[in-house]
Amino acid sequence: MAGAGAWFYHRLDTNISTFDAGGVATERPPAPVPTAPGASVPVNVLLLGSDTRDEGNSDLGGGDVGVGHSDTAILLHVYADRKHAVGVSIPRDTLVTIPSCRLPSGDWTKPRTNQMFNEAFTVGEFPKGNPACTQNTVEALSGLRIDHTIVVDFKGVAAMTDAINGVEVCVPNDVNSHNIKLRKGLQKIAGQPAVDYLRARYGFGDNSDIGRMKRQQAFLSSMIRKIQSQGFSLPTLLPLADAATRSLTVDEGLGTAMKLVDFAQSLQQIKLSDITFVTTPWQLSTVQKGRVDLVHPDVDTLWRLLREDRTLDGQSTGLVPGADATGPSPAATDGAATPAPAATPLSPEQLATTITVVNGVGTDGLAGAGSAAIRTQGFTNVSLGATTGGRLRTEIAYDPPFKAVADQLATLFPGARTTAEPGSEGVRVTLGRDYRPVPAAATAPAARPVPGGVPAALGATAGAPTGAPTGPPAATGPLPTGVPSGIAENSRSADTDPCSDLTFG
């Protein structure tokens with residue numbers, strides 16, 4: 001029996017495809033830090049649906065589109081308490097900055113602004129797509145570190161729904177469009193009909209991609225309900241794993257059947273009512289017709305809530321460092337940065353310290369804006385360094401004799417990491433994607449740092465300069481009370497009746 005089990009696991013392991021971790025960016029958001037030795041930390045899993053037609057997928061998807069896109073993207077945030085989870089859908093048409101990504105040649109691309117989100121998956125035209133590039137894009141966009149990435153194709157969807165004997169869905173109206181025939185009301189689907197249901201845009205509700213994503217959220221809710229009803233035992237999970245692994249591409253950290261099963265079993269304590277799906281707050285683009293822009297500051301609040309491991313109404317799950325269940329959010333961007341010490345008055349000699357400002361993103365004018373903000377605080381010897389690019393977090397490096405200067409500069413850049421660098425003869429500020437310049441009026445000398453906090457004029461989130469990479473602004477104060485409308489209006493609890501709120505399409 002043991003030998004048969006080992007053979008079965010080996011077969012599953014040979015089914016799984018992994019993607020090369022060498023394409024994952026070197027500059028990444030920090031990993032969450034346990035609040036106590038042995039404590040759990042949040043886990044972020046990026047789920048991607050590929051529309052590739054390779055390896056038999058054309059039989060299910062039809063047509064021939066070459067390298068697949070990631071038309072479905074859900075960032076699953078599993079809270080540290082392992083009792084809550086949020087799935088964030090990112091519209092495929094969202095205009096984002098695709099950061100530097102690796103090509104098959106080993107070269108890295110330059111960041112590209114105002115690109116459709118699903119184009120990241122096609123960078124380099126890898127036969128099975130470029131999951132690492134999409135992962136890099138989501139990390140830069142959200143400030144969340146992605147622990148695992150899973151790509152499933154049409155065959156995977158068909159096989160998994162067959163393995164659990166179908167998924168219940170509720171169709172808002174009779175559909176007879178684009179070879180899809182479904183009757184109005186509650187029904188169970190699997191295999192090809194499940195693929196068609198998840199892919200279709202036309203014939204359902206408003207015929208939009210947003211509507212399709214919300215339908216996918218309802219489908220996943222029903223699929224989770226089905227799996228939970230069957231239990232998380234090995235006899236239940238292994239057939240599902242067998243079906244899934246034949247069509248999955250995963251990161252190396254999930255590259256065996258047992259790792260996948262272990263991860264699934266780690267989620268068994270999450271109640272359906274404690275799983276929420278949310279679409280990133282969005283609006284029709286003002287830059288490109290037919291595309292989608294993210295809505296600020298609601299989307300910034302969404303990313304911040306997840307970075308701080310808070311529920312969507314701002315409540316702590318009890319494991320947020322420095323916060324109680326109802327108290328204000330920590331000021332650090334993701335809980336990993338050390339809060340800046342209180343600023344103290346500096347001498348004229350300290351104000352003349354050599355300060356070099358480096359554009360660590362590549363956006364035109366970013367270093368100039370940062371240096372201007374520094375000069376308004378009375379510093380007189382500020383210059384610009386060579387642009388680098390690819391920096392996520394702002395970093396302040398200082399020669400130890402100039403620590404007081406670095407501490408005061410840190411109040412201008414909340415969430416920045418400060419590092420002692422002996423022999424550097426001054427202070428170097430390398431601006432990351434977390435930096436958002438503020439209007440000149442907001443950086444007037446009257447807004448000098450005060451002990452114990454950030455100048456009020458610097459507390460607001462300002463828009464990024466034209467062409468700036470998207471990314472989360474620094475967190476600067478308590479979260480708004482309640483759930484921002486842009487989040488509430490785009491949310492759906494996994495325990496919602498599948499036949500309710502069918503206006504989503």
Side-chain angles (χ1 to χ4, degrees), residues 47 49 71-78 83-92 152 154 156-232 236 240 243-244 264 267-280 311-312 483 487-505:
L47 307 174
D71 280 355
T72 300
I74 296 177
L75 174 57
L76 178 66
H77 178 82
V78 180
K83 294 181 180 179
H84 301 79
V86 169
V88 182
S89 293
I90 304 174
R92 68 170 195 168
V152 60
F154 298 149
V157 171
M160 286 188 287
T161 53
D162 280 336
I164 60 174
N165 194 30
V167 174
E168 267 194 338
V169 298
C170 202
V171 182
N173 49 269
D174 290 334
V175 178
N176 187 0
S177 174
H178 293 74
N179 299 319
I180 301 173
K181 295 183 179 180
L182 292 170
R183 68 182 187 279
K184 179 180 179 179
L186 191 67
Q187 58 210 277
K188 186 165 62 175
I189 59 176
Q192 177 80 60
V195 173
D196 294 340
Y197 175 84
L198 291 171
R199 292 188 59 223
R201 292 180 65 179
Y202 304 106
F204 292 86
D206 61 5
N207 301 320
S208 73
D209 189 55
I210 300 295
R212 174 169 64 175
M213 285 192 312
K214 293 184 177 182
R215 185 170 4 106
Q216 291 169 349
Q217 293 170 357
F219 180 92
L220 286 174
S221 297
S222 291
M223 189 171 183
I224 294 168
R225 180 186 292 109
K226 184 68 172 289
I227 294 171
Q228 287 185 342
S229 70
Q230 295 178 347
F232 286 82
T236 298
L240 182 60
L267 310 180
Q268 62 184 307
Q269 299 301 319
I270 303 177
K271 297 178 181 178
L272 204 63
S273 59
D274 290 325
I275 302 173
T276 303
F277 288 98
V278 58
T279 302
T280 51
T311 57
L312 297 185
V483 184
I487 297 176
E489 293 167 2
N490 289 284
S491 298
R492 180 184 181 89
S493 175
D495 67 344
T496 300
D497 185 329
C499 286
S500 69
D501 188 25
L502 290 184
T503 57
F504 58 73

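Numbers here simply count residues along the sequence, with the first being 1.
Nearest heavy atoms, Ile189 versus Phe219: CD1-CE1, 4.1 Å. When all heavy atoms of Met160 and Met223 are compared, the pair lying nearest together is CB-CE, 3.9 Å. Of all the heavy atoms in Arg492 and Asp497, the pair that sits closest is NH2-O, 3.4 Å. Across all non-hydrogen atoms, the minimal contact from Ile74 to Leu220 is CD1-CD1, 3.3 Å.
Rounding to the nearest 0.5 Å places SG of Cys170 at 8.0 Å from CD of Gln187. The OG atom of Ser222 sits 11.0 Å away from atom CD1 of Ile227, with the distance rounded to the nearest 0.5 Å. Interatomic distance, CG of Leu75 versus OG1 of Thr280, reported as 10.5 Å (0.5 Å rounding). With rounding to the nearest 0.5 angstrom, the NZ atom of Lys83 is 14.5 Å from the CD1 atom of Ile275. Distance OG/Ser221 to CD/Gln216: 11.5 Å, rounded to 0.5 Å. Considering CG of Leu312 and CG of Asn490, their distance stands at 11.0 Å, rounded to 0.5 Å.
Within the 4.5 Å cutoff, the side chain of Thr72 has no heavy atoms near those of the Arg212 side chain. At a threshold of 4.5 Å between non-hydrogen side-chain atoms, the residues Glu168 and Arg225 do not count as touching. No side-chain heavy atom of Leu182 sits under 4.5 Å from any side-chain heavy atom of Val169. Put simply, the side chain of Lys184 does not reach to within 4.5 Å of the side chain of Val171, judged on heavy atoms.
Every residue meeting the side-chain hydrogen bond (donor to acceptor under 3.5 Å, both in side chains) condition with Ser89, not counting sequence neighbours, appears here in chain and number order: Gln217. For Ser493, the side-chain hydrogen bond (donor to acceptor under 3.5 Å, both in side chains) partners at least two apart in sequence or on another chain are Asp495. Residues forming a side-chain contact (heavy atoms from CB on, under 4.5 Å) with Lys226 (at least two apart in sequence, or on another chain): Ile164, Asn165, Lys188, Ser229, Gln230. In terms of the side-chain contact (heavy atoms from CB on, under 4.5 Å) criterion, residue partners of Gln268 (sequence neighbours excluded) are, by chain and number, Phe232, Gln265. Ala190 is linked by a side-chain contact (heavy atoms from CB on, under 4.5 Å) to Thr161, Asp162, counting only residues two or more places apart in sequence or in another chain. Taking Leu267 as the reference, Val78, Phe263, Ile270 meet the side-chain contact (heavy atoms from CB on, under 4.5 Å) condition, with sequence neighbours excluded.
A donor-acceptor pair is defined here as one N or O able to donate and one able to accept, closer than 3.5 Å; such a pair exists between the side chain of Arg215 and the backbone of Tyr197.
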